[in-house]
Amino acid sequence: LAREIVGLLEPLKMLNPVSRAIPLGVGPGSMCPSFGLELKPDCQWTPAESRTLDEVAALRPDPATSGLLPAMREKIERIKALTPPEFKIYLPDRQGPFNLAHLILGNEAFVAPLVEPEKFHQAMQNITDFWIAVRRPLLGWIGPDRLSRSVWSDNIICECSCNMISPDLYREHVLPFDLQIAKALGRVAIHPCSGPHVFRMTLENIPGIEYTEAGSIEKTAAGAITVPDALKEIAGRPIALGIGQ
């Protein structure tokens with residue numbers, strides 16, 4: 001924990017801002033062990049294998065005891081016991097329903113909506129239910145005084161893999177589940193991975209967006225939306241725009 005706290009200062013080397021908030025989990029793969037997947041350290045702690053569509057359509061992992069959640073609870077208790085209240089705690093990276101489907105199903109996530117849509121929707125429903133439910137125990141363990149209110153951990157839906165599907169496929173097979181999250185939380189942040197069509201589809205169709213992103217990425221599957229274009233799309237609405245280069 002001491003080493004991790006010292007590591008919070010690393011962004012200063014590139015003159016980036018730092019935070020006193022300590023993360024939970026291991027990044028984008030943090031929720032995958034709840035669906036029975038082993039994370040590989042040489043794969044940046046993401047799965048090196050996948051589950052079948054039938055398996056995911058039948059899985060309903062416990063939002064408090066499955067996967068890495070017991071270890072996260074232990075870490076929360078350790079942080080609260082050993083650090084002053086000025087140190088906050090991030091919720092773990094929960095990605096978004098389709099990103100998780102891609103991590104858990106592998107490339108079948110791109111085929112299943114077209115060949116087995118009903119089964120794919122059941123798998124997405126199980127993932128979405130877990131996404132929403134897992135917040136409750138985590139928030140209870142952290143407590144309001146120690147929770148970091150960063151958009152990156154509180155209510156963000158990461159849509160990276162949506163850059164590899166069409167707007168029509170997003171609208172039919174992913175948007176209904178994003179809308180469930182927006183309804184459950186009342187406010188959401190979006191990480192479109194700078195993809196222009198993902199930026200526009202989410203902005204146009206998901207209510208309660210309080211934050212989204214734009215910026216230049218050199219090599220992408222779907223291009224990158226520029227800051228001027230993003231501001232034009234936001235059109236003065238009270239939505240924060242994160243800018244990454």
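For clarity, every value in this text was computed on a predicted model and none was experimentally measured.
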Does the ring center of F110 lie less than 6.0 Å from the ring center of F120?
no
Determine whether T128 and I132 satisfy the following criterion, side chain to side chain contact (heavy atoms under 4.5 Å, CB included), listing intermediate values before the conclusion.
CA-CA 6 Å; T128 303; I132 294 170; 4.1 Å; yes
[atom2] on [Y] to [atom1] on [X], rounded to 0.5 Å:
| X | Y | atom1 | atom2 | result |
| --- | --- | --- | --- | --- |
| M201 | I190 | CE | CD1 | 12.0 Å |
| L175 | I206 | CG | CD1 | 6.0 Å |
| I234 | F199 | CD1 | CZ | 4.5 Å |
| L1 | I5 | CG | CD1 | 4.0 Å |
| I209 | Y211 | CD1 | OH | 12.5 Å |
| L91 | R149 | CG | CZ | 9.0 Å |

Without swapping roles, check the side chain of [X] against the backbone of [Y] for a donor-acceptor pair under 3.5 Å.
| X | Y | result |
| --- | --- | --- |
| R237 | E233 | yes |
| D93 | G25 | no |
| T83 | K80 | no |

Can you check whether [X] reaches [Y] side chain to side chain, under 4.5 Å on heavy atoms?
| X | Y | result |
| --- | --- | --- |
| L103 | L37 | no |
| P23 | E4 | yes |
| I104 | S50 | no |
| P85 | D145 | no |
| R78 | K75 | yes |
| V56 | K119 | no |
| L147 | I89 | no |
| F177 | I127 | no |

For [X] versus [Y], what's the shortest heavy-atom pair and its separation?
| X | Y | answer |
| --- | --- | --- |
| W131 | Q95 | NE1-O, 3.2 Å |
| L39 | C32 | CD2-CB, 4.0 Å |
| G36 | R51 | CA-NH1, 3.4 Å |
| L68 | P33 | CG-CG, 3.8 Å |
| P113 | H173 | O-CE1, 3.3 Å |
| F87 | R20 | CD2-O, 3.4 Å |

Would you say CD of Q44 has more than 12 non-hydrogen atoms from neighbouring residues, nucleotides or ligands within 6.0 angstrom?
no
With a cut-off of 6.0 Å (strictly less than), are more than 12 heavy atoms of other residues, nucleotides or ligands near CZ of R60?
yes
Non-neighbouring partners of K13 that pass salt bridge (charged side-chain N to carboxylate O under 4.0 Å, His left out), sequence neighbours left out:
E10
Could you give me the CA-CA distance, side-chain angles and deciding distance for D154 and R187, then say whether salt bridge (Lys or Arg N to Asp or Glu O under 4.0 Å) is met?
CA-CA 10 Å; D154 187 4; R187 57 183 183 85; 2.8 Å; yes
Quick one: which of I157, V198, T202 gives a side chain to side chain contact (heavy atoms under 4.5 Å, CB included) with C162?
V198
Can you check side chain to side chain donor-acceptor pair (under 3.5 Å) on D178 and Y170, steps first, answer last?
CA-CA 10 Å; D178 286 351; Y170 171 80; 2.8 Å; yes
With side chain to side chain contact (heavy atoms under 4.5 Å, CB included) as the test, would you mind laying out the steps for I156 and V188 before giving the verdict?
CA-CA 6 Å; I156 195 160; V188 291; over 6 Å; no
Group every Ile, Leu, Val, Met, Phe, Trp and Tyr by side-chain heavy-atom contacts under 4.5 Å, then state whether M164 and L114 land in the same group.
yes
Go through the structure and list residues passing side chain to side chain contact (heavy atoms under 4.5 Å, CB included) with C193, not counting sequence neighbours.
C160, N163, H191
